Undergrad: 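Sharing a structure with you now.
All figures in this text were calculated on a predicted structure; none of them were measured in a lab.
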Amino acid sequence: MKINEVLEFVRENEVKFIRLSFCDILGLQKNISITADTLEDAFKYGVSFDGHAIRGFSDVTRSDLFLFPEPDTLAVLPWRPGPGRVIRFYCSIKNSDGSKFNRDTREVLRRVCLQAQKFGYECKTGAECEFYLFKTDDDGNPTHTPFDKGGYLDISPLDRCGDIRREICLTLEEMGIKPETSHHEQGPGQNEIGFRFNTPLEAADDLQTFKTAVKAIAARNGLYASFMPKPIANAPGNGMHVNLSLMYNGRNVFNNIGEKTSTAAESFIAGILEKSPEITAFLNPVANSYDRLGKFEAPKYVSWSHENRSQLVRIPAAKDKKMRMELRSPDPALNPYLAFALIIAAGFDGINRDLKLPPRVDSDLYKSENTSGLLTLPVNLGEAVETARNSDFVKSIIGEGLANEYLALKKAEFADFNGSENKDVFYREKYFSSI
């Protein structure tokens with residue numbers, strides 16, 4: 001939509017409030033609400049906020065930053081009560097002199113996407129995001145009791161989450177996001193909703209919208225939705241599988257992958273495999289993330305195969321435009337703008353260097369004893385941070401200042417985790433109610 005079309009929409013639909021949304025460098029969503037009569041000025045001049053008060057943004061000496069709503073990200077928030085409709089925009093962030101703010105992670109992903117287009121490729125991205133539903137107490141606070149005891153693809157009465165998933169899917173459709181699949185996952189009270197692939201920037205926006213909608217619909221039904229990577233110690237963790245395909249001259253280059261007829265796709269995967277340890281701190285960004293890896297179909301080793309769910313990269317059984325790669329290590333605690341930027345840049349680094357895809361590993365890596373030759377992902381957040389800190393690749397993609405700030409925050413977080421007397425208490429206080 002263009003600005004004049006947005007303003008007409010606001011007038012015709014009796015919109016009263018506008019949320020201007022963005023996220024901090026760790027991916028936590030933030031917003032400012034303005035009234036409809038100030039929206040035109042927001043498009044022209046931006047809306048100021050205190051950048052020093054946002055984690056990882058700016059120091060107190062240059063704290064004025066400005067949000068500029070992007071017209072084509074307009075979405076109505078269906079769960080907000082009337083009268084007076086509420087709409088939301090994602091925003092670009094600028095300095096007071098009008099220049100782009102270099103720690104705007106959405107801009108980082110936009111820059112990577114533009115670079116990919118220069119090579120003639122169109123990248124499509126889709127996410128399969130898992131979450132748990134927990135009961136709440138009489139005061140509305142989350143408990144640690146799952147909403148049901150259902151398992152993978154169960155139906156009612158074991159699956160009590162079906163109506164919630166249905167409501168989430170209908171809400172997403174109202175917001176312009178097309179859910180494709182929804183079902184009960186393996187854990188008690190665990191669910192997954194997959195939505196249609198999109199451009200990487202729109203896919204990251206969709207993911208942020210999805211998480212907001214899930215939490216809002218869950219709360220409306222007296223429940224709490226958790227995207228924490230491992231909310232229940234002895235149950236499956238929440239994964240966020242990232243699906244990627246590449247189009248070149250209208251052709252999906254992932255067709256016939258592994259048959260030595262699609263070298264670009266193979267080099268793309270090889271690049272992601274090579275860089276995966278360096279970017280793990282961004283794909284698995286909290287201490288709790290590493291309790292998930294290596295069990296319940298979450299990967300531990302840097303490897304690939306067709307269909308095999310014990311691998312880091314899986315090539316799902318599909319044909320034609322649905323041919324793609326699936327990266328299985330990420331979890332929902334990530335900042336999708338940084339994560340998608342690093343994954344895609346790693347793939348194109350592989351194409352530019354004509355990397356060769358290593359031999360596929362077809363064994364079940366949860367049972368196989370022959371894993372001595374395989375590289376492993378970092379075993380904890382501290383190792384992931386140090387690996388990323390030594391990566392010239394990471395700094396070249398997201399910028400040295402942003403990388404250093406992000407990794408400093410994560411280093412401090414890991415130090416707090418190591419210093420905690422009880423790991424489970426740390427997880428509950430640090431992550432359960434915030435992710």
Side-chain angles (χ1 to χ4, degrees), residues 19 21 23 27-29 31 73-82 85-88 90 125-136 140 142-143 145-198 202-229 231-232 235-243 330-334 336 432-435:
R19 288 189 177 182
S21 295
C23 68
L28 183 64
Q29 296 189 65
N31 74 192
T73 66
L74 183 154
V76 176
L77 302 187
W79 58 84
R80 299 305 301 163
R85 303 182 79 178
V86 180
I87 62 174
R88 182 231 63 213
Y90 288 114
T125 307
E128 302 169 31
C129 194
E130 297 168 346
F131 59 94
Y132 274 85
L133 291 176
F134 292 93
K135 296 178 181 179
T136 56
T143 71
T145 304
F147 184 49
D148 67 21
K149 296 182 179 180
Y152 186 61
L153 301 187
D154 274 343
I155 62 172
S156 179
L158 289 174
D159 172 21
R160 298 178 61 194
C161 305
D163 287 343
I164 310 296
R165 293 196 303 272
R166 175 180 175 274
E167 191 174 345
I168 292 168
C169 289
L170 292 174
T171 300
L172 292 174
E173 284 191 328
E174 286 187 65
M175 301 181 75
I177 299 173
K178 300 293 185 183
E180 291 194 322
T181 60
S182 66
H183 58 85
H184 201 288
E185 259 296 342
Q186 296 182 46
Q190 190 184 28
N191 301 268
E192 179 183 297
I193 296 177
F195 35 93
R196 186 172 297 177
F197 61 81
N198 215 327
E202 291 171 317
D205 288 345
D206 289 349
L207 181 62
Q208 297 290 69
T209 300
F210 170 79
K211 292 173 72 174
T212 301
V214 168
K215 285 186 174 289
I217 300 305
R220 190 160 71 181
N221 286 275
L223 301 172
Y224 175 70
S226 176
F227 292 94
M228 181 175 163
I232 302 176
N238 283 324
M240 201 207 74
H241 305 151
V242 178
N243 292 274
D331 65 58
L334 53 68
F432 185 69
S433 297
S434 62
I435 297 178

Undergrad: In Å and rounded to the nearest 0.5 Å, what is the CD to CZ distance from Glu202 to Arg196?
TA: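 It comes to 13.0 Å.
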Undergrad: What is the distance from atom CZ of Arg88 to atom OG1 of Thr212, rounded to the nearest 0.5 Å?
TA: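 These two atoms lie 8.0 Å from each other.
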Undergrad: Counting distance only, does the side-chain N/O of Gln29 pair as donor-acceptor with the main-chain N or O of Gln208 below 3.5 Å?
TA: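 Yes, the answer is positive, given that a donor and an acceptor are paired below the 3.5 Å cut-off.
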Undergrad: What I want to check is whether the side chains of Thr209 and Tyr90 have a donor and an acceptor closer together than 3.5 Å.
TA: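 The criterion, which ignores hydrogens and geometry beyond distance, is satisfied for Tyr90 and Thr209.
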Undergrad: With sequence neighbours left out, what residues match His241 under ring pair (Phe, Tyr, Trp, His ring centres under 6.0 Å)?
TA: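 For His241, no residue satisfies ring pair (Phe, Tyr, Trp, His ring centres under 6.0 Å) once neighbours in sequence are set aside.
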Undergrad: Quick one: does Lys135's side chain have a donor or acceptor within less than 3.5 Å of a partner on Thr143's backbone?
TA: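 No: the side chain of Lys135 does not pair with the backbone of Thr143.
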Undergrad: At their closest point, which heavy atom of Arg165 faces which heavy atom of Ile193, and how far apart are they?
TA: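 Result for this residue pair: O-CD1, 4.3 Å.
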Undergrad: Give the ring-plane orientation class for Phe210 versus Phe195, where under 30° counts as parallel, over 60° as perpendicular and anything between as tilted.
TA: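 Ring orientation, 0 to 90° scale: tilted.
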Undergrad: Of all residues at least two apart in sequence or in a different chain, which pass the ring pair (Phe, Tyr, Trp, His ring centres under 6.0 Å) check with Tyr132?
TA: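 Phe134.
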Undergrad: Phe227: which residues meet the ring pair (Phe, Tyr, Trp, His ring centres under 6.0 Å) condition with it, sequence neighbours left out?
TA: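 Counting only residues at least two positions away or on another chain, Phe227 forms a ring pair (Phe, Tyr, Trp, His ring centres under 6.0 Å) with Phe131.
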Undergrad: CD1 of Ile435 to OG of Ser226: how many Å apart, nearest 0.5 Å?
TA: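 Those atoms lie 7.5 Å apart.
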Undergrad: If you draw a 6.0 Å radius around CZ in Arg166, do more than 12 non-hydrogen atoms from other residues or ligands fall strictly inside?
TA: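 Atom CZ in Arg166 is not packed in, count stays at 12 or less.
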Undergrad: The criterion is side chain to side chain donor-acceptor pair (under 3.5 Å); which residues satisfy it with Asp331, sequence neighbours excluded?
TA: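 For Asp331, the residues satisfying side chain to side chain donor-acceptor pair (under 3.5 Å) (neighbours in sequence not counted) are Asn284, Ser289.
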Undergrad: Specify the closest pair of heavy atoms between Ala235 and Pro188, including all atoms of both residues, with the distance to one decimal.
TA: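 Where Ala235 meets Pro188 most closely, the heavy atoms are CB-CD, 4.2 Å.
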Undergrad: Between atom CG of Asn191 and atom NE2 of His183, what is the distance when rounded to the nearest 0.5 Å?
TA: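 Reported value, rounded in 0.5 Å steps: 9.0 Å.
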Undergrad: Pair up each side-chain donor or acceptor in residues 168-182 with any protein partner under 3.5 Å, not counting sequence neighbours, and list the distances.
TA:
{"unit_1": "Thr171", "atom_1": "OG1", "unit_2": "Glu167", "atom_2": "O", "d": "2.8"}

Undergrad: With sequence neighbours left out, write down each residue that passes side chain to side chain donor-acceptor pair (under 3.5 Å) with Glu130, or none if nothing qualifies.
TA: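 None.
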Undergrad: List the atom of Gly151, the atom of Asp154, and the distance in Å for their closest heavy-atom pair.
TA: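 Taking Gly151 first and Asp154 second, the nearest heavy atoms are N-OD2, 2.7 Å.
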Undergrad: Per the side-chain contact (heavy atoms from CB on, under 4.5 Å) rule, which among Ser156, Cys161, Pro157 passes with Asp148?
TA: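 Only one of Ser156, Cys161, Pro157 forms a side-chain contact (heavy atoms from CB on, under 4.5 Å) with Asp148, namely Cys161.
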Undergrad: How far apart are the closest heavy atoms of Ala203 and Asn198, and which atoms are they?
TA: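 Between these two residues, the closest heavy atoms are N-CB, 4.0 Å.
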Undergrad: Which heavy atom of Asp159 sits nearest to which heavy atom of His184, and what is that distance?
TA: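 Heavy-atom minimum between the residues: OD1-CD2, 3.2 Å.
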Undergrad: Short question: side chain of Gln190, backbone of Gly237 - any donor-acceptor pair under 3.5 Å?
TA: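 It does hold such a pair.
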Undergrad: For Leu153, look at atom CG and say whether over 12 heavy atoms of other residues, nucleotides or ligands are found less than 6.0 Å away.
TA: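 Yes, the 6.0 Å shell around CG holds more than 12 heavy atoms from other groups.
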Undergrad: Which value, rounded to the nearest 0.5 Å, describes the distance between Leu223 atom CG and Thr136 atom OG1?
TA: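 One gets 6.5 Å once the value is rounded to the nearest 0.5 Å.
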Undergrad: Looking at Leu207, Val242, Asp206, Asn243, which one forms a side-chain contact (heavy atoms from CB on, under 4.5 Å) with Thr125?
TA: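 Single pass found, and it is Val242.
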